[in-house]
Protein chains: 2
Amino acid sequence: MVDDTQVRDELRAAILRGDFAPRQRLVEADLCEQFGARRFAVRAALQDLVAEGLVERQQNRGARIREISLDEAIEISEIRRVVEGLVAARAAERLTAADAKRLTGIGRRMREAVDGGEAAVYSDLNAELHSTLREIARHETANRIVAQLHGQMVRHQFALSRVPGRSAVSLAQHEAVIEAVVARDPDAAEAAMRAHITSVIEVLRSLG
Amino acid sequence: MVDDTQVRDELRAAILRGDFAPRQRLVEADLCEQFGARRFAVRAALQDLVAEGLVERQQNRGARIREISLDEAIEISEIRRVVEGLVAARAAERLTAADAKRLTGIGRRMREAVDGGEAAVYSDLNAELHSTLREIARHETANRIVAQLHGQMVRHQFALSRVPGRSAVSLAQHEAVIEAVVARDPDAAEAAMRAHITSVIEVLRSLG
DNA sequence: CGCGAAGCGATTGTCAACAATATGAGCACC
DNA sequence: GGTGCTCATATTGTTGACAATCGCTTCGCG
């Protein structure tokens with residue numbers, strides 16, 4: 001059976017993968033064919049993705065991929081700065097010995113990836129670090145918000161990763177975050193995470 | 001004609017007004033009658049409110065008012081602490097002379113309300129202060145998130161306002177926020193707002 | 001009397017057809 | 001050649017009807 005949450009998840013994955021261009025129209029009939037679903041399910045999926053901020057709808061003109069401007073990407077990053085700061089602080093408070101091992105392992109692999117010039121690997125580790133911190137922090141509300149905002153940023157995230165020399169700067173900041181969390185110092189962890197995302201915001205500004 | 005956004009807005013208003021109890025079932029047919037709408041529109045409205053976190057749905061068992069536990073209310077307040085901190089800082093940066101006048105006016109009326117023992121008036125002014133700051137900050141993303149989280153908190157907010165001696169403590173904190181914003185000091189404004197919401201969180205914890 | 005199966009009413013989930021609307025092409029007219 | 005109008009077409013919005021499912025009651029059987 002074709003579950004409507006399945007259509008929603010597949011469509012979201014396709015959007016995050018970059019299968020659709022910003023402002024591209026999402027014609028319901030086409031999506032039905034693409035996902036082998038009924039129009040009813042597609043419609044429900046679209047409504048959900050509107051709520052997630054990935055899709056926008058206009059009365060009688062259907063749905064299209066929402067375009068996130070650079071200004072909005074900066075706003076989103078400003079929120080992420082404070083919310084992920086909270087996540088980092090809380091991870092520092094709740095850290096177990098096993099968590100510490102995981103984090104230092106990610107840090108080591110990050111350094112290896114940067115030294116080896118493996119940009120794609122580093123990008124994956126970046127995602128892994130942030131999501132591991134969220135896992136450690138166990139803050140459901142924060143996780144939901146960060147996940148949603150992250151989804152809206154995918155396209156800009158890609159642009160970020162292509163800025164030359166970015167990974168070296170980013171690596172040092174990530175190591176500072178890991179160090180503070182492993183030291184179980186919430187204030188330092190929050191400050192380090194905020195410093196990291198502040199630098200992301202500065203790069204975004206420089207792209208304007 | 002009965003617009004489905006209209007049903008959604010009315011239903012949301014009813015929930016925020018406290019017309020429904022937590023965990024109360026929302027039977028589609030009843031809502032149709034109550035709002036004079038078709039089931040189609042009610043269904044779409046419910047789906048939107050699920051996304052807003054006010055309603056929850058279970059397969060084949062329909063929708064009910066989502067109950068927000070005290071723990072979750074604390075989590076939500078932790079997010080609000082950092083996001084409204086950002087809003088306050090940004091309001092301090094963007095403040096105009098007219099804005100300053102509005103804020104000091106709200107502060108003066110707050111003090112009068114507390115001195116006069118008018119709890120309801122003070123509660124309204126509280127909401128007005130926070131929303132005025134959001135207006136001044138003009139941070140769309142933050143506003144959306146705060147509005148959503150605030151909606152989920154209504155019931156607990158009510159409990160808060162009934163804590164004896166709360167308004168005197170709260171007044172001083174609000175005045176500190178206003179003072180810092182009017183002084184155009186972003187860091188002080190953020191700190192003052194965080195201190196304010198920290199105290200809200202402590203009261204919530206004490207209720208557990 | 002206890003227990004499980006079957007039936008029932010209430011409610012939600014799904015559908016295919018129909019209505020309403022926007023968009024763009026073709027045409028008359030200036 | 002340009003401009004505004006009309007109409008065809010593609011697409012979305014809405015409907016009432018029907019199917020599926022749930023929780024509960026009742027009934028049969030040991």
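All chains are named by letter (A, B, ...) in the order of the sequence lines, taking the proteins before the strands, and each is independently numbered beginning at 1. Predicted, not measured: the structure shown is a model, and the values here were computed from it.
Taking 3.5 Å as the limit, the base of C/dG13 and the side chain of B/R57 contain no donor-acceptor pair of atoms between them.
The distance between atom CD of B/Q47 and atom P of C/dT14, rounded to the nearest whole Å, is 11 Å. If you measure from atom CD of A/Q59 to atom P of D/dT12, you get 12 Å, rounded to the nearest angstrom. Rounding to whole angstrom units, CZ of residue B/R25 and P of D/dT21 are separated by 17 Å. B/D30 places its CG atom 8 Å from the P atom of C/dT12, with the value rounded to the nearest Å. Summarising the geometry, the separation between CZ on B/R43 and P on C/dT12 is reported as 8 Å, rounded to the nearest angstrom. In this structure, the CD atom of B/E28 is 17 Å from the P atom of D/dA17, given to the nearest Å. B/L26 has its CG atom 12 Å from the P atom of C/dG13, to the nearest Å. Between B/Q58 atom CD and D/dC22 atom C1' the separation is 11 Å, expressed in whole Å.
Taking every side-chain heavy atom of B/F40 into account, D/dT15 is the closest of C/dG13, C/dT23, D/dT15. Distance from the side chain of A/V27 is smallest to D/dT12 among C/dT12, D/dT21, D/dT12.
Each of B/R66, B/R64, B/R23, B/R25 was compared with B/E56 under the salt bridge (charged side-chain N to carboxylate O under 4.0 Å, His left out) criterion, and only B/R23 meets it.
For A/R38, a side-chain nitrogen or oxygen approaches OP1 or OP2 of C/dC15 to under 4.0 Å. Between B/R61 and D/dG23 there is a side-chain polar atom (N or O) within less than 4.0 angstrom of OP1 or OP2.
Using a distance-only test at 3.5 Å, with no hydrogens or angles considered, a donor-acceptor pair links the side chain of A/D99 to the main chain of A/T96. In this structure, A/R90 contributes its side chain and A/A137 its backbone to a donor-acceptor pair below 3.5 Å.
Projected onto DNA chain C by closest heavy-atom contact, A/N60 and A/R39 fall at different nucleotides, the more 5' of which corresponds to A/R39.
In this structure, A/L46 reaches neither bases nor backbone, as no heavy-atom distance under 4.0 Å exists between it and the strands shown.
The aromatic rings of B/Y122 and B/H174 sit tilted relative to each other, their planes meeting at an angle between 30° and 60°.
Remark: B/Q157 CD to B/R155 CZ distance equals 12.5 Å, nearest 0.5 Å.
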